[in-house]
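Atoms considered below: every heavy atom in the structure, side chains included; atoms not considered: hydrogens, waters and symmetry mates. Per chain, numbering begins at 1; letters A, B, ... match sequence-line order.
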Amino acid sequence: MSQKPSIPKGTRDFFPQLMARRNYIFDTIRSVFLLYGYQEIETPAMENLSTLMGKYGEEGDKLLFKILNSGDFAAKVPDDLLANKDSVKITNKISEKGLRYDLTVPFARFVVQNRNELVFPFKRFQIQPVWRADRPQKGRYREFFQCDVDVIGSDSLLNEVELVQITDEVFKRLNISVTLKINNRKILAGIAESIGEPEKITEITVAIDKLEKIGTEKVMLELEEKGIKNESVEKLKPILTLKGTNTEKLEQIRNVIEQSGTGQKGVEEVQTLLSYIDKLKLSLPVELDLTLARGLNYYTGAIFEVKANDVEIGSITGGGRYDDLTGIFGLPGVSGVGISFGADRIFDVMEKLNLFPEDTETSTTVYFVNFGEKEVAYLLPVVDKLRKSGIACELFPDAAKLKKQMTYANRKNIPYVVMVGENEMQAGSFTLKEMKSGDQKEVTLQELIEIAGKGK
RNA sequence: GUGAUUGUAGCUCAGUAGGUUAGAGCGCUGGAUUGUGGUUCCAGAGGUCGUGGGUUCAAAUCCCAUCUGUCACCCCA
């Protein structure tokens, strides 16, 4: 029995109309990237698990899709592992490849592997799908597209500035109202130091990242649960509730983390970045948010996050500086910074706000009715001629009933239908029907090309 | 991984004190109009009620399990 086909949880099919809209987003983003001198690369959908594992934290490892080895992999698993039902250890034995989880780690691998052929600083962008074995929900899919821009091999804060400009330009072109939040991991490290918990930096950042969502009290509670001393948590409290303009916040935090060298460095970086940004006329507001942490633990400097102002959907773009991502692959001392545009969430935002321009979908301009063999032979060169004039047209493959063919043209929103039967062939004319008005007239080939050429 | 919720025609949904042959709108197919779509009228096709068990004389309806979609938590684009 044939069973109903389906696709895996959290994945989607894209209809022609959706593809047109998605491509509008990709094309916009790509053109901005190119404008700033970034070059496109692609990497394989799957990577060796050794490349992927341990780069995204414990949670990330769980969310990696793993690919089963080929062949009789079960035979190679020691009996005691099977008997103990130890999933993690069994997995190591039967799987050595996984689907990429993001584009940054594969990029780091790419850079290390091909370092001798690349020109540094290397500016690349990459628009490809990534996969996460997460439970799907609103704005979250198991397969989704990221659009990454990174520059690697330069410490200059000018790179951060450039990424901010790119972000501004992309959302300006897409007509989405957004806020850019920035922070610096060094400041967070400084905070952890100054409250006497430098070791707990990860726990602290994860907890305060939730501040906006769950409130100060619950964050405090979570910190205590994570084993941070009560007095330290108390010290943290005033830091998290800092208010004011970017400059005011910066001044206050500078005092708090006075004794931390790393923290001071972070403050300086943010200050420099903000002063550069001030000189540019950006459309998006840039807000220093000391509670912005971001989950990925390879970030070491600036961190960014973009939120849509008019839709509740989480962040639609995020990124930051990573000082030593390539170090894990044997190339230490190479710093990079990058951001990732979440194409699917941007799509959802634009759908919700009705921001897509009307003309994203392009259709056939002229439809030729198929009346039979003789007519087809007569029309083939005509269709060819129109196409060579740049007019998109199609000739129906079957000599189906006229009603069916008209319905087809109508469903595809084709503006012009051309009918050529025996009468027209004899007269050397073309019956041209304009579908919108229903008007119909006989024209010459020259007139047909002129009229359709205007409407394409 | 934890919790909540959903599933009836291609689509959107009606349908419970369990009771003949499960309905509507839209869509689809054919006809009115054998060279004319989008409007109108007429007719028709299409359903193992997500799947598997159980309770019952009897289950779309009640119970259990499972799958799928949705939402929240964790985490994240």
Side-chain angles (χ1 to χ4, degrees), chain A residues 1-12 25 29 56-64 87-88 100-104 127-148 202 205-207 209-210 213-214 218 222 292-297 304-308 312-320 338-349 367-372 375 396 399-425 431-440 442:
Chain A
M1 272 302 163
S2 73
Q3 66 192 137
K4 255 190 195 167
S6 63
I7 54 175
K9 195 199 281 268
T11 64
R12 298 151 297 161
I25 294 176
I29 291 175
Y56 309 105
E58 209 177 313
E59 196 68 28
D61 286 353
K62 279 190 215 156
L63 298 180
L64 279 170
S87 298
V88 175
R100 72 166 100 80
Y101 179 91
D102 73 355
L103 299 177
T104 307
I127 299 175
Q128 286 189 278
V130 302
W131 295 268
R132 296 182 189 178
D134 211 350
R135 260 218 206 164
Q137 54 181 282
K138 192 176 183 179
R140 178 180 298 188
Y141 310 97
R142 285 184 146 182
E143 177 185 62
F144 60 98
F145 274 75
Q146 289 190 330
C147 313
D148 270 34
T202 308
T205 53
V206 168
D209 194 38
K210 295 177 200 160
K213 211 167 173 184
I214 63 177
K218 283 188 179 165
E222 179 168 332
L292 173 65
R294 298 194 55 77
L296 295 175
N297 52 24
F304 308 101
E305 193 159 287
V306 175
K307 290 213 160 175
E312 235 358 273
I313 196 168
S315 67
I316 55 177
T317 289
I339 47 173
S340 177
F341 292 80
D344 298 272
R345 284 191 178 174
I346 291 173
F347 179 90
D348 288 349
V349 169
Y367 172 90
F368 287 87
V369 173
N370 179 336
F371 281 119
E375 287 85 351
F396 204 67
K401 280 187 185 168
L402 221 215
K403 186 184 167 109
K404 181 172 176 172
Q405 299 196 48
M406 292 301 285
T407 305
Y408 174 88
N410 190 50
R411 288 286 301 266
K412 282 189 80 172
N413 276 318
I414 296 172
Y416 298 105
V417 169
V418 171
M419 281 166 280
V420 175
E422 267 182 53
N423 295 342
E424 285 89 347
M425 285 198 289
T431 299
L432 175 67
K433 174 162 183 165
E434 199 202 327
M435 293 297 274
K436 203 167 176 184
S437 62
D439 295 343
Q440 192 169 311
E442 297 222 348

Contact state string [nucleotides 25-31 of chain B, B base, S sugar-phosphate only, - no protein heavy atom under 4.0 Å]: ---S--S

Nucleotide nearest Asn410(A) when distance is taken to its side chain, options C71(B), A77(B), G37(B): G37(B)

Gap between atoms NZ and P, on Lys307(A) and C76(B) respectively (whole Å): 13 Å

Nearest-nucleotide pick for Lys433(A), side chain only, options being G3(B), U36(B), G38(B): U36(B)

Distance flag, aromatic centroids of Phe347(A) and Phe145(A), threshold under 6.0 Å: no

Tyr416(A)/Tyr367(A) aromatic ring centres below 6.0 Å: no

Per Leu402(A) side chain, nearest of listed nucleotides G35(B), A77(B), C75(B): G35(B)

Distance, P atom - from U39(B) to U29(B), rounded to whole angstrom: 13 Å

Contacts of Asp61(A) that satisfy side-chain hydrogen bond (donor to acceptor under 3.5 Å, both in side chains) - sequence neighbours left out: none

P-based separation of U51(B) from G7(B) [nearest Å]: 13 Å

Separation of the C1' atoms in C49(B) and G23(B), to the nearest angstrom: 12 Å

Whole-Å gap separating C1' (U2(B)) and NZ (Lys62(A)): 11 Å

Nearest-neighbour nucleotide for the Met435(A) side chain, A77(B), G37(B), C74(B) considered: G37(B)

U68(B) phosphate, OP1 or OP2, under 4.0 Å from Lys9(A) side-chain N/O: yes

Between A77(B) (P) and Glu143(A) (CD): distance, integer Å: 17 Å

d(CZ, Arg135(A); P, G69(B)) in whole Å: 11 Å

Nearest-nucleotide comparison on RNA chain B, the residue closer to the 5′ end among Asp134(A) and Tyr408(A): Tyr408(A)

Nearest-angstrom distance from the residue atom CG of Leu432(A) to P of U36(B): 17 Å

Heavy-atom donor-acceptor pair, Thr407(A) side chain to Lys403(A) backbone, under 3.5 Å: yes

Centroid distance under 5.5 Å and plane angle under 30°, Phe144(A) vs A77(B): yes

Donor-acceptor pair under 3.5 Å, Arg140(A) side chain vs C71(B) base: no

Charged tip of Arg132(A) within 45° of Phe144(A) ring normal and under 6.0 Å: no

First of Thr431(A) and Glu305(A) reached from the 5' end of RNA chain B, by closest nucleotide: Thr431(A)

Length of the CE-C1' vector between Met406(A) and U33(B), whole Å: 13 Å

Integer-rounded Å distance: G1(B) C1' and Gln137(A) CD: 13 Å

Backbone N/O of Asp134(A) and side chain of Arg142(A): donor-acceptor pair under 3.5 Å: yes

Polar side-chain atom of Arg345(A) near backbone of Arg140(A) as donor-acceptor pair, under 3.5 Å: no

Candidate nucleotides A72(B), C76(B), C75(B), ranked by approach to the side chain of Arg132(A) - the nearest: C76(B)

